[in-house]
Each structure stands twice: as structure tokens, then as C-alpha cells.
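Remember, predicted model here, so these are calculated numbers, not experimental data. Values below: every heavy atom of this structure, side chains too, minus hydrogens, waters and symmetry copies.
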Amino acid sequence: YVWIEAARAFRQALRLDSKLALAHLGLSRVATALEDKAAARRELELGEALAPAASPRERRRLALRRAQLDALDDLTSQARHAAYKQALDEALGQDMDDVELWLLRGNAEEATAAGRGQRGGASSVAFYERALAVSPEHLAAHHYLVHSYEMIGRIDDALAHGEVYARLAP
């Protein structure tokens with residue numbers, strides 16, 4: 001959630017290697033967080049232009065971002081939200097040990113594709129727990145579990161993950 005610093009880091013990465021498609025994807029995510037839809041699309045398109053030289057995993061990430069932006073364009077569309085979740089499920093079939101995909105999938109369990117891990121419920125818990133199975137001290141997974149457990153009234157579980165989060169947080 002330190003979006004300006006994230007943008008600086010992605011810009012520096014592009015200065016060092018102008019062909020980093022995922023740096024553009026990161027800038028797209030920053031633009032969404034800063035509520036600049038046009039910039040989010042523009043950065044994704046720059047990343048997609050670099051996709052032919054990217055790895056299959058990176059191309060899947062770019063496609064996921066496109067599905068997410070499509071769903072974000074119409075938050076009332078259950079079909080677009082479902083398509084985004086389906087795309088995440090398919091990507092997870094290829095990259096089962098990818099923690100970020102598990103986190104994104106948990107976020108997608110929120111009411112819309114705009115989920116950021118703060119309004120998850122029982123259905124999001126399994127995805128965040130899987131992220132922890134892959135990376136037991138993943139800061140974001142603990143953070144999202146705090147919120148998910150709060151939302152379903154499991155305060156003891158929320159507190160347990162909050163303690164780990166506080167210990168891990170810089």
C-alpha cells in the first residue's frame with residue numbers, strides 16, 4: 001500500500017531494463033490503487049506489447065491483469081468477476097506454488113474484482129491459508145487473514161494472524 005514507492009521502484013526497474021513486462025503490470029496495479037483507470041490500461045498495454053519476449057508465466061500474469069481490469073470496468077458484472085476468478089483458477093493450475101496468485105484468488109472472493117484483502121470472508125480464508133502453506137511467513141497472507149477472520153467473527157484467529165503480521169511488518 002505504499003503506492004508512490006512502488007511506482008518509483010517499477011520505474012527504476014524499467015530504467016535498468018526497458019523490456020520488463022511485469023514492471024508495467026506493477027505500474028498498472030499502482031494506477032488502479034491511485035484510481036487512474038486510463039493509466040492502468042496504458043501500463044498494461046505497454047506490458048502486453050513486451051509479452052512476446054516474456055516467459056509463459058509472465059504472459060499469464062498479463063492476461064490475468066487484463067481480466068481483472070475488464071472486471072473492474074464494470075463492478076456490477078458478475079460475469080466479468082466470474083471470468084476473472086476462472087482465469088485465476090486456470091493460472092493456479094499452472095503455478096500452484098505462486099503465492100501471489102493465491103493471494104489474488106483470495107482477494108477475488110470479495111464481492112467484486114476490486115477486492116483488496118480487506119473484506120474477505122470464509123471463502124477467502126482457504127486461499128490465504130494455501131498461500132501460507134507455500135510461504136509460512138508471507139506478510140500479506142497474514143494481513144488478509146486478519147481481515148477475513150474479522151469479517152466472519154473469528155476474532156481469536158484474527159488476533160493470532162495479527163500478532164504474526166505485527167512481528168513481520170517492517
Side-chain angles (χ1 to χ4, degrees), residues 1-121 123-124 127-128 130-131 134-135 138-144 147-148 169-170:
Y1 297 104
V2 186
W3 301 115
I4 301 303
E5 289 302 315
R8 285 182 185 140
F10 291 127
R11 294 264 179 237
Q12 178 60 24
L14 287 167
R15 279 191 285 280
L16 297 172
D17 184 349
S18 62
K19 296 178 181 169
L20 290 174
L22 291 189
H24 287 291
L25 183 144
L27 287 166
S28 175
R29 290 178 71 180
V30 166
T32 294
L34 297 176
E35 299 185 19
D36 187 342
K37 288 183 176 186
R41 284 273 177 198
R42 188 171 48 252
E43 288 297 339
L44 175 62
E45 289 166 2
L46 290 169
E48 288 173 332
L50 299 171
S55 72
R57 183 177 183 204
E58 291 169 325
R59 288 193 297 274
R60 282 192 295 277
R61 286 292 179 89
L62 292 164
L64 284 172
R65 181 64 178 153
R66 170 139 324 264
Q68 184 181 33
L69 287 178
D70 289 347
L72 289 171
D73 280 346
D74 183 359
L75 292 177
T76 65
S77 173
Q78 292 181 3
R80 286 185 181 189
H81 189 199
Y84 173 52
K85 291 196 299 188
Q86 179 63 36
L88 282 164
D89 290 342
E90 290 170 8
L92 279 165
Q94 298 293 313
D95 299 308
M96 293 289 292
D97 290 331
D98 189 321
V99 174
E100 186 178 356
L101 290 179
W102 287 110
L103 297 176
L104 288 170
R105 187 59 181 84
N107 290 172
E109 282 300 297
E110 295 184 28
T112 71
R116 294 185 180 181
Q118 297 172 332
R119 302 220 185 302
S123 63
S124 64
F127 296 106
Y128 300 142
R130 178 65 181 131
V134 174
S135 181
H138 198 285
L139 183 71
H142 287 288
H143 180 190
Y144 296 157
H147 293 300
S148 293

Exercise: do Glu90 and Gln86 side chains pair donor with acceptor under 3.5 Å
yes

Check whether any side-chain heavy atom of Lys85 sits under 4.5 Å from a side-chain heavy atom of Leu104, and report yes or no.
no

Any ring pair (Phe, Tyr, Trp, His ring centres under 6.0 Å) involving residues 3-39? Give me the pairs, sequence neighbours left out, ordered by first then second residue.
Tyr1-Trp3

Is the CZ atom of Arg119 crowded by more than 12 outside heavy atoms at less than 6.0 Å?
no

Do Arg116 and Thr32 get their side chains close enough for a donor-acceptor pair, meaning under 3.5 Å?
no

Suppose we screen for side-chain hydrogen bond (donor to acceptor under 3.5 Å, both in side chains). Which residues come up paired with Ser135, at least two apart in sequence or across chains?
none

Donor-acceptor check, side chain of His81 to backbone of Ala108, threshold 3.5 angstrom: yes or no?
yes

Cationic N near anionic O, under 4.0 Å, Arg8 to Glu5:
yes

Could you tell me whether the side chain of Lys37 reaches within less than 4.5 Å of the side chain of Leu69, counting heavy atoms only?
no

Looking only at atom types and distance, does a side-chain atom of Asp95 sit under 3.5 Å from a main-chain N or O of Asp98, one as donor and one as acceptor?
no

Under 3.5 Å: donor-acceptor pair, side chain of Tyr128, backbone of Ala140
no

Can you tell me how far apart OG (Ser28) and CG (Leu22) are? Round to the nearest 0.5 Å.
11.5 Å

Under 3.5 Å, side chain of Glu110 to main-chain N/O of Gln118, donor-acceptor pair present?
yes

Between Arg105 (side chain) and Asp89 (backbone), is there a donor-acceptor pair under 3.5 Å?
no

With heavy-atom distances below 4.5 Å as the criterion, would you say the side chains of Leu27 and Leu46 are in contact?
no

Are Glu43 and Arg11 close enough for a salt bridge, meaning some N to O gap below 4.0 Å?
yes

Which atoms form the tightest heavy-atom contact between Gly106 and Ser124, and what is the distance?
O-CB, 3.5 Å

Salt bridge check, Arg41 against Asp70: does any charged N sit closer than 4.0 Å to a carboxylate O?
yes

Under 6.0 Å from the CD atom of Gln12, do we count more than 12 heavy atoms belonging to anything else shown?
yes

Of the non-hydrogen atoms in Leu44 and Leu62, which two are nearest, and what is the gap between them?
CD1-O, 3.7 Å

What heavy-atom pair brings Ala131 and Trp102 nearest, and what distance separates the two atoms?
CB-CB, 3.9 Å

